[in-house]
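Here the structure is laid out as structure tokens; the discussion comes afterwards.
Throughout, protein chains are lettered first and strands after them, A, B, ... in sequence-line order, and every chain is numbered starting at 1. These numbers come from a predicted model, not from an experiment.
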Protein chains: 2
Amino acid sequence: MATLGELERTVMDLLWENPEAVTANALRDMLARRTHGEHASKELAVTTVLTVLSRLEKKGLVERARDTRPHRYQAVTSREEHTADLMHEVLGSAPNREAVLARFLGSVSDGEAATLRKLLGHS
Amino acid sequence: MATLGELERTVMDLLWENPEAVTANALRDMLARRTHGEHASKELAVTTVLTVLSRLEKKGLVERARDTRPHRYQAVTSREEHTADLMHEVLGSAPNREAVLARFLGSVSDGEAATLRKLLGHS
DNA sequence: TCAAGGTTCTACATTGCGTAGAACCTTTGC
DNA sequence: GCAAAGGTTCTACGCAATGTAGAACCTTGA
């Protein structure tokens, strides 16, 4: 339930980069540019985009405005929130969470460790 | 590459609970007990277990001793290490890691936050 | 050397994802 | 009011991963 396919991920990336809700057609265009660096190419069928969007909607990652005529789509949560949720999902399935967190911290960069300290506040 | 199937995950759980290397047959028995609460039932074919073990080996999660006759299998990394690796994998695919970490910390229990502070040391 | 037990090969069903045609519904320009 | 243009849903196919296991092949002990 957590894993997205390649296209699904790309679509999510585009939605995350675009705060406003977009249409399937707009997404199709963005995808064409994104995937094949500028020069128009390999446009996917709109139905393909729509299928993917429906699946993402079913997964709870995308929200669709059904009231406007060309439906408009947007990500339900921010990319950061989603990623953090995924991390919690991974962590949640572990018996000894603290041991996992310890190892996790072990391979975090110094700069990030500093940030974490700041975020956690002083004891 | 990160996602495991249901059976694969169960097998990994058993291997993680058992420090010593075990045979496919032993695993088959453990699976029977685990999956259907005690009373012997639904034993999987040994070949099924072997297939799963081979796949897990290919994924680098399981190590197999080929020198002993009934081959013996064991997890390559601890469950904690594996989980931490997964968390890093999830985090790695994000542009603004610090923002993700911030949100992640936001939903960590107080006790765990305290542990994290300790692990990070005081600024 | 041969039977018992272990391993590898091959295979099939199911499910998720990429992909899109065909059919169906809406809107809009006349 | 109606037909064409455009949008949405249904259905479907191919491919890869996973659960499952039979058939064939290899090893070893009696």
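In this structure, the CG atom of A:D29 is 11 Å from the P atom of D:dG7, given to the nearest Å. Rounded to whole Å, the distance from CG on A:L44 to P on C:dG21 is 11 Å. The NZ-P distance, from B:K58 to D:dT18, rounds to 11 Å in whole Å. Distance B:L7 CG to C:dT14 C1': 14 Å, rounded to the nearest Å. B:E6 places its CD atom 14 Å from the C1' atom of C:dT15, with the value rounded to the nearest Å. For B:D67 and C:dT7, the CG to C1' distance is 15 Å, given to the nearest whole Å. The distance from atom CZ of B:R28 to atom P of D:dG19 is 18 Å, rounded to the nearest whole Å. Between the CG atom of A:L4 and the C1' atom of C:dG16 there is a distance of 11 Å, rounded to whole Å.
In this structure, OG1 in B:T77 is found 8.5 Å from CZ in A:R103, a value given to the nearest 0.5 Å. For the atom pair A:L91 CG and B:T83 OG1, the distance stands at 7.5 Å (nearest 0.5 Å).
When the nucleotides D:dA21, D:dT27, D:dT9 are ranked by their closest atom to the side chain of A:R66, D:dT9 comes out on top. Among the nucleotides C:dG6, C:dG21, D:dT18, the one closest to any side-chain atom of A:T47 is C:dG21. Side chain of B:R69, nearest nucleotide from C:dT7, C:dT26, C:dT19: C:dT7. When distances are taken from the side chain of B:L50 to each of C:dT7, D:dT20, C:dT19, the shortest belongs to C:dT7.
For the OP1/OP2 pair of D:dA16 and a distance below 4.0 Å, the side-chain nitrogens and oxygens of B:R55 include no atom meeting the criterion. Side-chain N/O atoms of A:H71 include one lying less than 4.0 angstrom from OP1 or OP2 on D:dT8. Proximity of B:R64 to the phosphate of C:dT8: a side-chain N or O atom is located under 4.0 Å from OP1 or OP2. OP1 or OP2 of C:dA20 has at least one side-chain nitrogen or oxygen of A:T48 nearer than 4.0 Å. In this model, the phosphate group of D:dT18 is approached by a side-chain N or O of B:K59 to a distance below 4.0 Å at OP1 or OP2. Applying the 4.0 Å criterion to OP1 and OP2 of D:dG7, one finds that A:N25 has a side-chain N or O inside that range.
A donor and an acceptor atom, one from each side chain of B:S109 and A:R97, are nowhere located under 3.5 Å apart. Side-chain contact, A:S107 with B:H88: a donor N or O sits under 3.5 Å from an acceptor N or O.
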Going through the checks in order, is the side-chain contact (heavy atoms from CB on, under 4.5 Å) test met by B:R117 and A:R117? CA-CA 7 Å; B:R117 259 181 236 114; A:R117 257 181 238 116; over 6 Å; no

Test side-chain contact (heavy atoms from CB on, under 4.5 Å) on A:L53 and A:R64; report intermediate values, then the result. CA-CA 9 Å; A:L53 284 169; A:R64 161 195 332 223; 5.5 Å; no

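Between the side chain of B:T51 and the base of D:dA21 there is at least one donor-acceptor pair of N/O atoms closer than 3.5 Å.
With the nearest nucleotide of DNA chain C identified for both A:V49 and B:S54, B:S54 has the one nearer the 5' end.
Residue contacts shown for B:T23 are absent, as no nucleic acid heavy atom lies under 4.0 Å away.
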